[in-house]
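Model, not experiment: these values are computed from the prediction. When reading the values below, keep in mind they use all heavy atoms of this one structure, side chains included, and skip hydrogens, waters and symmetry mates. Per chain, numbering begins at 1; letters A, B, ... match sequence-line order.
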2 protein chains.
Amino acid sequence: MTTMEAMGKKAKEAARALARAGQEKTAALQAAARALLARQEELLAANRADVEAGEAGGMRDSLLDRLRLTESRIAGMAQALREVAEAPDPVGRVLSGEVRPNGLQIQKITVPLGVIGIIYEARPNVTSDAAGLCLKAGNAVILRGGKEAFRSNLAVAQVLRDALEESGLPADCVQLVEDTSRQSAQELMGLTGYLDVLIPRGGAGLIRAVKENSRVPVIETGVGNCHAYVDAAADLDMAADIVYNAKCSRPSVCNAIETLLVHEKIAGEALPRIKSRLDEKQVELRGCQKARAILPGIAAAAEEDWATEYNDYILAVKVVGSLEEALGHIARYSSGHSEVIVTEDYSAAQRFLEEVDSAAVYVNASTRFTDGGEFGLGAEIGISTQKMHARGPMGLEELTSCKYVIYGEGQVR
Amino acid sequence: MTTMEAMGKKAKEAARALARAGQEKTAALQAAARALLARQEELLAANRADVEAGEAGGMRDSLLDRLRLTESRIAGMAQALREVAEAPDPVGRVLSGEVRPNGLQIQKITVPLGVIGIIYEARPNVTSDAAGLCLKAGNAVILRGGKEAFRSNLAVAQVLRDALEESGLPADCVQLVEDTSRQSAQELMGLTGYLDVLIPRGGAGLIRAVKENSRVPVIETGVGNCHAYVDAAADLDMAADIVYNAKCSRPSVCNAIETLLVHEKIAGEALPRIKSRLDEKQVELRGCQKARAILPGIAAAAEEDWATEYNDYILAVKVVGSLEEALGHIARYSSGHSEVIVTEDYSAAQRFLEEVDSAAVYVNASTRFTDGGEFGLGAEIGISTQKMHARGPMGLEELTSCKYVIYGEGQVR
C-alpha cells in the first residue's frame with residue numbers, strides 16, 4: 001500500500017464516522033475558527049517561511065500576494081468557517097418521498113459524497129475554506145496544495161485536525177498530502193478505490209491536466225472565457241457600464257469578460273463609447289478587422305485571442321452581423337461559464353437565454369455576479385463549468401449525493 | 001477529423017436544435033413508436049441475420065435470448081417509446097428562483113446534458129429505449145452497441161432517424177457507430193470535445209473498462225453485489241420470503257442479492273428455514289465456516305465469493321456476530337447498489353439505513369424493488385451506483401443538467 005493509498009484508507013474510515021455526525025461538525029468548525037485566531041502567530045510564522053522562500057526563488061509579485069497571509073486574511077478565513085458552521089446541515093434532507101401502492105415508503109435523502117480530493121495552487125486560504133465546506137457536508141477531504149504554500153497549508157491543516165479531535169471527530173477527516181511533487185498529484189488522480197470526487201482549483205493548465213489524467217470523477221471549475229454581446233437594440237450607456245464592470249472590476253477572476261461582441265448596426269456608435277470607458281483602466285483592445293476600422297489604432301486579434309482567458313486588462317473585440325453570429329461565436333469559444341446580452345429587444349433576450357449553453361446566462365447585468373454569495377447560495381467551493389452533477393457556483397448542496405431509503409413490511413416483488 | 005469526431009460534431013449540432021424543441025420531441029417519439037410496429041418485418045429480418053450469425057458462431061443460449069427480437073418485444077419497445085413521449089418534458093423546469101436584494105431575478109432551470117454516448121452489449125431494445133429517453137430530455141445520442149446485434153441496432157436506429165426527420169428534427173440526434181471494434185469504443189471514450197457524458201450499459205467487465213479508460217465523464221450503472229442481512233431480531237418467515245424473492249425472482253438482474261448475512265443468534269434456526277425455501281430453485285449455497293457447521297453439505301465460500309455478482313442461482317452465506325460486523329462486511333464488498341436488513345428492532349433498522357452507503361437501502365422488503373418503475377420514476381436508463389450526478393434509478397430528470405438565467409436592468413457589481 002502506497003502512502004497515498006494509506007491516506008485514502010484513513011479518509012474513507014474517517015468519512016464513515018463523519019457521515020453520522022451532526023452537531024459535532026458545527027462544533028469542530030467553530031473550534032477551528034477560534035483556533036485560527038488563537039494560533040495566528042504560528043500560521044504567520046509558517047507563512048513567512050513560504051513567502052521568504054518564494055522571494056528567494058524569484059516568485060512574481062502577484063503570486064506572492066496570493067501566497068501571503070495577514071492578520072486580516074486569517075480573520076477572513078475564521079469568519080468563513082463560522083459562516084459555514086452556521087449554515088443549515090445539507091445532509092439528511094428529504095428531497096422527495098412517497099408511499100407506493102404496495103405500501104413501500106420510499107424517501108430520497110441527501111448524504112455526503114464521501115471522500116473529496118482537492119488539488120490547488122498557491123492560496124493557503126483554500127486549505128480552510130475548502131476543508132470547511134467539505135466537512136460541513138459530511139465529507140472527508142484530502143488536500144494537495146502547491147509546494148509554494150506547503151508550510152502555510154500544513155499549519156492551517158494542523159489547526160483543523162486539532163479542532164476535529166477536540167470535537168470528537170477523527171483528525172483524518174482532513175489530511176494534507178505532504179509530497180507536493182507532480183507524482184503525488186498523479187497518484188491522487190488514480191485513487192479510484194478511495195476518492196469519490198476530485199476538484200481542481202486553480203488556473204486553466206491545472207484544470208486541463210486534472211481533467212485529462214484523472215480516473216477519479218472530476219468536477220471542473222473556474223475556467224472563464226466569458227462574453228458580453230451588445231445587441232443592435234442595446235441601451236448603449238448600459239452597455240458601456242456593464243462591459244466596463246465585467247472587464248475592469250476584477251480582471252483576474254473567472255467571471256470577468258474576455259471578449260466583447262458588438263452588433264454591426266450600432267458598432268460605430270457603441271465601440272468608441274465603450275472604449276472611452278475602458279481607457280480609464282488602460283484596457284488593451286484586440287479587434288477584428290471591422291472593429292479596427294471603427295477604432296483605428298487598436299491591435300489586431302489573432303485566432304487564439306478568441307479562445308484566451310486573459311485574466312488581465314485585455315479585451316478581444318469582434319463586430320458581428322447578427323445575433324445568430326454572436327451565438328455561433330459563443331458556442332465555439334466559450335468555456336461555458338458566464339455570458340451576457342445587453343439589449344432592449346425581448347425576443348433577442350429570450351433567444352440568448354435559451355440558446356447560450358453556459359452555467360450563467362445574463363440579460364442586462366454584469367457577468368461578475370456569478371458567485372455563490374451573489375446568488376444567495378452561501379460560500380462556494382468553485383464554479384462548475386461542466387454539466388454533470390453541478391453547474392455554476394457550487395455550495396454545500398453540491399457537495400452532497402443522495403440515497404433512497406425504503407421502509408417495508410415484508411414486501412416482495 | 002476522424003469518423004468518430006465527425007459524428008461528435010454532427011451530434012453537437014443536432015443537440016443545439018434539439019435543445020430548443022418541445023412538441024417536436026413528443027411527435028418524433030410517437031412517430032418512432034408507430035414506425036417500429038409498421039416496419040416490424042424489416043426489424044425482424046435484420047434481427048434474424050444477427051441471430052443466425054450468433055448461432056453459427058456458437059453463441060450461448062442466454063445471449064441468443066437477449067439478442068432475439070419478437071413481435072411482442074417490438075411491441076414492448078414501441079410501448080416504451082410512447083410512455084416516454086407522454087412523460088412531462090424534463091427540460092425548462094424552474095428548480096429554484098428568487099429576486100436578489102439588488103433586483104436581479106435569478107432562476108435555476110433544467111437544460112439537456114447535451115450529447116450522450118451509450119456503450120452497450122447485445123440487447124437491441126436498448127437502442128430504442130436509451131435513445132428515446134435521451135431524446136425526450138433534449139439530448140443527442142451516439143449509440144455504440146455490440147457487434148452481435150449490429151444489424152438489428154442499425155435497423156432500429158434507422159427507424160428512429162426517419163421519425164426524427166419526419167418530425168422536423170435533425171436525424172443526427174440519433175447516430176449509431178458502424179464500427180463495432182474495440183477501437184471505436186476507445187475513440188468514443190476520448191471524445192471529450194463533443195460528448196458530455198458516457199453511459200456504459202452491460203456487464204461488470206464493460207463497465208469497469210469504460211470507467212478506467214474514459215476521459216469523458218462516465219455514469220456507472222448496474223453492477224449489483226447486493227446483500228440481505230437477517231438480524232437477530234428478524235421475523236424469520238419474512239426473512240425467508242425476502243431472501244427467496246431477492247435471490248430467485250430474477251437472478252440475472254442487478255438488484256438480485258448475491259450474499260446473505262445472518263446474525264449468529266438466530267442462524268441455527270434461520271439458515272435451515274431459508275435453505276429449504278431456496279432448495280425449491282436448487283440455489284447453490286457457498287458458506288463461511290459457521291454457516292457450514294449449521295448447514296453441513298454446502299460448499300465453502302472462498303474470499304472471491306464475497307466480491308462476486310453471480311447473476312445466477314448461487315448465494316454466498318456468512319454468519320456474523322453483530323450488526324457491526326454485517327455493516328463492515330457490506331462496506332467492504334458491496335458495489336453500492338441495494339441492501340436490505342430484515343429486523344423488527346427499531347434501532348438496528350435505523351442504523352442500517354443510516355450507515356449503509358448504497359443507492360437503495362431497505363428495511364423488510366426485497367431489493368428487487370430498486371427499479372425506476374417500482375420507485376414511480378418512470379422508465380430508467382440504468383441504475384447509477386456512483387455518487388456524482390445521479391444515484392439509483394436514472395430517469396429523465398437524471399438526463400438533464402441545469403443553468404442559471406439572470407434577468408437584470410443594468411446591474412453592475
Side-chain angles (χ1 to χ4, degrees), chain A residues 16 19-20 98 100 102 104 106 108 111 113-114 192 196-197 211-212 215 217-219 235 238 241-242 244-246 249 331 340 349 353-355 357-366 368-370 374-376 386-389 391-392 401-413, chain B residues 16 19-20 98 100 104 106 108 111 113-114 192 196-197 211-212 215 217-219 235 238 241-242 244-246 249 331 340 349 353-355 357-366 368-370 374-376 386-389 391-393 401-413:
Chain A
R16 260 183 89 185
R20 301 194 293 276
E98 65 171 320
R100 300 291 303 158
N102 60 7
L104 282 182
I106 302 188
K108 186 179 186 180
V111 297
L113 278 168
T192 49
D196 293 286
V197 190
K211 192 185 161 196
E212 301 248 309
R215 285 172 36 229
V218 170
I219 298 181
D235 171 328
M238 187 193 285
D241 283 348
I242 288 173
Y244 175 80
N245 182 265
S249 59
V340 56
L353 287 176
E354 209 173 301
E355 293 192 30
D357 187 19
S358 296
V361 192
Y362 294 80
V363 178
N364 295 347
S366 171
R368 291 276 292 106
F369 289 107
T370 306
E374 293 293 334
F375 278 15
Q386 69 176 35
K387 293 197 203 163
M388 269 179 64
H389 186 74
R391 202 175 195 201
S401 179
C402 62
K403 74 178 176 190
Y404 288 93
V405 301
I406 303 102
Y407 298 86
E409 307 153 307
Q411 284 89 341
V412 296
R413 187 176 168 192
Chain B
R16 261 183 89 183
R20 303 194 292 276
E98 63 170 323
R100 299 292 302 158
L104 283 181
I106 301 187
K108 187 179 186 180
V111 297
L113 277 168
T192 48
D196 292 286
V197 191
K211 193 185 159 196
E212 302 247 310
R215 284 171 36 230
V218 170
I219 299 181
D235 171 327
M238 187 193 285
D241 283 349
I242 288 174
Y244 175 80
N245 181 266
S249 59
V340 54
L353 288 176
E354 209 173 302
E355 292 192 31
D357 187 20
S358 295
V361 191
Y362 295 80
V363 179
N364 295 348
S366 172
R368 291 276 292 106
F369 288 107
T370 306
E374 294 292 334
F375 277 14
Q386 68 176 35
K387 293 196 203 162
M388 268 180 63
H389 186 73
R391 200 176 196 201
S401 179
C402 62
K403 74 177 175 191
Y404 288 93
V405 302
I406 302 102
Y407 299 86
E409 307 154 306
Q411 285 89 340
V412 296
R413 187 178 170 191

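Contact check for B:Tyr407 versus A:Asn364: no side-chain heavy atoms found under the 4.5 Å cut-off. Inter-residue side-chain proximity for B:Ile219 and A:Met388 is flagged as met; some heavy-atom pair is nearer than 4.5 Å. Residues B:Arg100 and A:Glu374 fail the side-chain proximity criterion, which asks for heavy atoms closer than 4.5 Å. Residues B:Val412 and A:Ile242 have side chains in contact (heavy-atom distance under 4.5 Å, counting atoms from C-beta outward). At a threshold of 4.5 Å between non-hydrogen side-chain atoms, the residues B:Leu104 and A:Phe369 count as touching.
In this structure a side-chain-to-backbone donor-acceptor pair under 3.5 Å is missing from B:Arg20 to A:Glu355. Distance alone, capped at 3.5 Å, is enough to place a donor-acceptor pair between the B:Arg413 side chain and the A:Arg368 backbone. Between the A:Lys403 side chain and the B:Glu354 main chain, a donor and an acceptor come within less than 3.5 Å of each other. Although no hydrogens or angles enter the test, the distance criterion places a donor-acceptor pair under 3.5 Å between the side chain of B:Lys387 and the main chain of A:Leu113.
Of the listed residues (B:Tyr362, B:Tyr244, B:Phe375), the greatest number of heavy-atom pairs within a distance under 4.5 Å of chain A belongs to B:Phe375. Among A:Val218, A:Ile106, A:Thr370, A:Asp357, the residue making the largest number of heavy-atom pairs under 4.5 Å with chain B is A:Ile106. When A:Pro217, A:Cys402, A:Gly114, A:Ala19 are compared by the number of non-hydrogen pairs under 4.5 Å with chain B, A:Cys402 comes out ahead. Per-residue counts of heavy-atom pairs under 4.5 Å with chain A were compared for B:Gly376, B:Pro393, B:Gly392, B:Ser249; the largest is that of B:Gly376. Contacts with chain A were tallied for B:Lys108, B:His389, B:Glu409; B:His389 has the most, counting heavy-atom pairs under 4.5 Å. Your options are B:Ser358, B:Ser401, B:Ala349, and the one with the most heavy-atom pairs under 4.5 Å with chain A is B:Ser401. Most heavy-atom pairs under 4.5 Å with chain B, from the set A:Asp235, A:Val111, A:Val363: that is A:Val363.
Evaluation of the side-chain hydrogen bond (donor to acceptor under 3.5 Å, both in side chains) rule for B:Thr192 yields no partner, not counting sequence neighbours.
If you measure heavy-atom distances from A:Ala331 to chain B, the contacts under 4.5 Å come from the side chain alone. Contact of A:Glu98 with chain B is made through the side chain alone, with heavy-atom distances under 4.5 Å.
Rounded to the nearest 0.5 angstrom, B:Arg391 CZ and A:Tyr404 OH are separated by 11.0 Å.
Nearest heavy atoms, A:Gly408 versus B:Ala365: CA-CB, 4.2 Å.
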